[in-house]
Amino acid sequence: MPDGAVIPDIASNYTISEDGTTYTFTLRPDATFHDGKRVTSADVLYTIKQIQNPDVKSPHRADWDGVAVSAPDDHTVLLPLPHAYAPFIENFSLGILPEHLWKDTTPEDFPFNPLNTQPIGSGPYMVKQVDKDSTGSSVRFDLVPFSDFTLGRANISAISVRLYTSEEAVVKAFNAGDVDAVAGISSEQLAELSLNDSTVVRSTLPRVFGVFLNQNHAPVFADATVRNALDIALDKDRLVNATLGGFATPLSSPVPPVRSEIVAGTTSTTSAAANAYTLGTVDAARDELERGGWTWNEAEGAWKKGSQTLSFTLATTDTPELVASANAVVTAWRQAGVKVTLKVYPLAELNTTVIRPREYDAILFGEVIGREPDLYAFWHSSQRNDPGLNLSLYANSKADTLLSQARATTNKSEREELYTELADVIREDQPAIFLYAPDFLYVFPENVTGVRIGSLTTPSERYQNVFQWYTDTERVWEIFAKNTQPTL
């Protein structure tokens, strides 16, 4: 749910063993798919097996790789784990495939099955009609409530979801009144929307963007005063305002904040996990370098310390927001006298030739953390090489212990304490310059009530409590009632 609580849907209940290693789910006897067929444990097993099949290429495969699953009967699912893993419960917020419809589909044909665009699920809304363009691409989905949804029939009688090829097309459609809601719009395009009778929600995504320093590739980063000076030089408030229109939270920690806030239409909602950060100045960065024994060489136009010159290359991908952020970072560092060369790569090339072989001095990139933080892959020393995601090649025995303890601790408050301690350890070592956690922007009609965005990990999660949404109503004679159909 939007508040982070886990609410069983097709399951009537679930239990986790005291040691955190065995998950047992009991399915509801009345859980059915949109075609009327009962949801059974066989459907759950089939779905997980397909996720685990490397030929299917599921984006969820890493979450389920190596996980054993069994079904002693039609309504029970057992999942034993080799060791406790607290965030594992988040893996169960996925749709279940009806085995009777998918069972004859080969892995190669999975992307081409018509059920991808005309799905049969068990959620609160079912597909009534799909419109396609001249190329055969789906451009509109008309949804109606599923009367047998386990948590109760949805309130809004019809919803249409439309797809567009560009933000400009979305803005045009919204301003023309063709759509009532817009998701994932950039701050620049938000300013182009006519927001009369609309509510805008910003939800900080659990993602950490920063500059990760590879000391193995650029020994200059081994100097603590260099790392500190690079951080001090950056005014992160200014960076967020200039490159993201203010729709991000400045960071000085590997743990992203959790915040969901209404910024137009009504007052704010929830806010949590404050994250302190350093407001930098170029002069302060220069002072820090001098304090660390670096001297300014006027002839070379560079900072020198013995035989070392303070210079390095910064890599990033060609995403507009990251390019803008990288340019802002490089500008500040150059003003402090640091010699920085910026290299921008297409994402595929960055992954294959830069990130995987760790061929970079520093890289401006993002980490997708997840609703229940698990920072193991990003900071544990065992993850320094591909396919690990420890981009700073960071190694600290205390951090390793905290990371292992945190992922095995099922008590949420204890886990948060461990991550607070971990953040302090990483902040002290400064293996990266943390920049910001971006916001997800969602615009929807002011007369739609009950929308609870909360913390999102993916844009689709804005619909987590869609069955509870409703439009403002008055008590009127039924013959005068008007049926509304928002385009969300």
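These figures come from a predicted structure and were not determined experimentally.
- Between Pro250 and Val240, the shortest heavy-atom distance links the atoms CG-CG2, 4.0 Å.
- Judged purely by atom type and a 3.5 angstrom limit, Ser41 has no side-chain atom pairing as donor or acceptor with the backbone of Ala71.
- A donor-acceptor contact closer than 3.5 angstrom is absent between the side chains of Ser194 and Asn196.
- In this structure, the side chain of Thr317 engages the main chain of Tyr345 through a donor-acceptor pair within 3.5 Å.
- Taking CG from Leu163 and NZ from Lys132, the interatomic distance works out to 12.0 Å, rounded to the nearest 0.5 Å.
- Of the N and O atoms on the side chains of Asn351 and Glu349, not one donor lies less than 3.5 Å from an acceptor on the other residue.
- Judged by distance alone, with hydrogens and angles left aside, the side-chain atoms of Arg462 form a donor-acceptor pair with the main-chain N or O of Pro459 at under 3.5 Å.
- Not a single donor-acceptor pair under 3.5 Å links the side chain of Asn390 to the backbone N or O of Gln383.
- When side chains are defined from C-beta on, Gln468 counts as touching Arg452, because their heavy atoms get closer than 4.5 Å.
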For Arg358 and Leu393, run side-chain contact (heavy atoms from CB on, under 4.5 Å): C-alpha distance rounded to whole Å, both residues' side-chain angles, the deciding distance at 0.1 Å, then the answer.
CA-CA 9 Å; Arg358 303 299 196 254; Leu393 283 70; 3.8 Å; yes
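- Closest of all the heavy-atom pairs between Ser157 and Pro145 is O-CD, 3.1 Å.
- Between Thr313 and Val340 the shortest side-chain heavy-atom distance does not fall below 4.5 Å.
- Here the closest heavy-atom approach between residue Phe174 and residue Ser198 is recorded as CZ-OG, 3.5 Å.
- Two rings, from Phe92 and Tyr14, have their centers 6.0 Å or more apart.
- Shortest non-hydrogen contact noted between Leu151 and Pro8 is CD2-O, 3.7 Å.
- Aromatic ring pairs are classed by plane angle as parallel below 30°, tilted from 30° to 60° and perpendicular above 60°; the pair Trp379 and Phe212 is tilted.
- For Tyr436 and Ser325, the side-chain atoms include at least one donor-acceptor pair closer than 3.5 Å.
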Might you work through the side-chain contact (heavy atoms from CB on, under 4.5 Å) test for Phe467 and Asn155, ending with a clear yes or no?
CA-CA 6 Å; Phe467 64 97; Asn155 297 315; over 6 Å; no
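- With a 4.5 Å cut-off on side-chain heavy atoms, Leu78 and Val69 do not count as touching.
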Begin with the C-alpha distance, continue with both residues' side-chain angles, and end with the deciding distance and a verdict on side chain to side chain donor-acceptor pair (under 3.5 Å) for His34 and Asp148.
CA-CA 8 Å; His34 295 157; Asp148 292 328; over 6 Å; no
Kindly determine whether Thr331 and Arg334 satisfy side-chain contact (heavy atoms from CB on, under 4.5 Å), including the steps that lead there.
CA-CA 5 Å; Thr331 296; Arg334 286 174 178 168; 5.9 Å; no
All N/O donor-acceptor pairs, side-chain side in residues 42-57, below 3.5 Å, sequence neighbours left out:
| from | atom 1 | to | atom 2 | distance (Å) |
| --- | --- | --- | --- | --- |
| Asp43 | OD1 | Glu99 | N | 2.8 |
| Asp43 | OD2 | Thr40 | N | 2.9 |
| Asp43 | OD2 | Thr40 | OG1 | 3.4 |
| Tyr46 | OH | Trp102 | O | 2.8 |
| Thr47 | OG1 | Asp43 | O | 2.9 |
| Thr47 | OG1 | Leu97 | N | 2.8 |
| Gln52 | NE2 | Trp64 | O | 2.8 |
| Gln52 | NE2 | Val67 | O | 2.7 |
| Asn53 | OD1 | Asp55 | N | 2.9 |

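- Smallest separation of non-hydrogen atoms from Gly210 and Leu435: CA-CG, 3.8 Å.
- Side-chain atoms of Arg28 come within 3.5 Å of backbone atoms of Asp9 as a donor-acceptor pair (strictly under, hydrogens ignored).
- Evaluation of the ring-ring contact (aromatic ring centres under 6.0 Å, His included) test over residues 346-377, restricted to residues two or more places apart or in two chains, returns Tyr376-His380.
- Panel note: side chain Ser160, backbone Asp142; no donor-acceptor pair is recorded below 3.5 Å.
- Considering only heavy atoms from C-beta on, Asp35 comes within 4.5 Å of Leu101 through its side chain.
- The main-chain N or O of Phe247 is never found under 3.5 Å from a side-chain atom of Ser187 such that the two would form a donor-acceptor pair.
- For the atom pair CG of Leu350 and CG of Leu322, the computed distance is 9.5 Å after rounding to the nearest 0.5 Å.
- Side-chain atoms of Lys236 come within 3.5 Å of backbone atoms of Leu251 as a donor-acceptor pair (strictly under, hydrogens ignored).
- A distance of 6.0 Å or more separates the ring centres of Phe146 and Tyr125.
- To the nearest 0.5 Å, atom CD1 of residue Ile355 and atom CD1 of residue Ile363 are 4.0 Å apart.
- Separation of atoms CG (Leu190) and CG (Leu441) is listed at 6.0 Å; rounding is to 0.5 Å.
- No donor-acceptor pair closer than 3.5 Å links the side chain of Thr26 to the backbone N or O of Thr76.
- Proximity of Pro256 to Ile369: side-chain heavy atoms (C-beta onward) are separated by under 4.5 Å at one or more points.
- In this structure, Val466 and Pro124 have side chains that are in contact, with non-hydrogen atoms separated by less than 4.5 Å.
- When side chains are defined from C-beta on, Leu314 does not count as touching Asp361, because their heavy atoms never get closer than 4.5 Å.
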What verdict does the side chain to side chain donor-acceptor pair (under 3.5 Å) test give for Thr204 and Asp439, after you've listed the backbone C-alpha separation in whole Å, the side-chain angles of each residue and the deciding distance to 0.1 Å?
CA-CA 4 Å; Thr204 301; Asp439 289 338; 2.9 Å; yes
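- In summary, the side chains of Glu167 and Ser186 do present a donor paired with an acceptor at a separation below 3.5 Å, with no hydrogens or angles considered.
- Under a 3.5 Å cut-off, the side chain of Asn113 and the backbone N or O of Asn116 do not form any donor-acceptor pair.
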Using the side-chain contact (heavy atoms from CB on, under 4.5 Å) rule, take Ile10 and Ile96 through it: C-alpha gap first, then chi angles, then the decisive distance, then the call.
CA-CA 9 Å; Ile10 63 171; Ile96 300 301; 3.6 Å; yes
Asn447/Thr471 under side chain to side chain donor-acceptor pair (under 3.5 Å): CA gap, chis, key distance, verdict:
CA-CA 5 Å; Asn447 71 327; Thr471 55; 5.3 Å; no
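- Taking the six-membered ring where the residue is Trp, Tyr442 and Phe444 present tilted rings, their angle falling between 30° and 60°.
- Looking at Glu321 and Leu244, their side chains come closer than 4.5 Å, going by heavy atoms from C-beta outward.
- Put simply, CG on Leu389 and CG on Leu375 are 11.5 Å apart, with the number rounded to the nearest 0.5 Å.
- The structure places CD of Glu446 at 10.5 Å from CG of Leu195, a figure rounded to the nearest 0.5 Å.
- Residues Asn465 and Gly450 approach most closely at ND2-O, 2.8 Å, considering heavy atoms.
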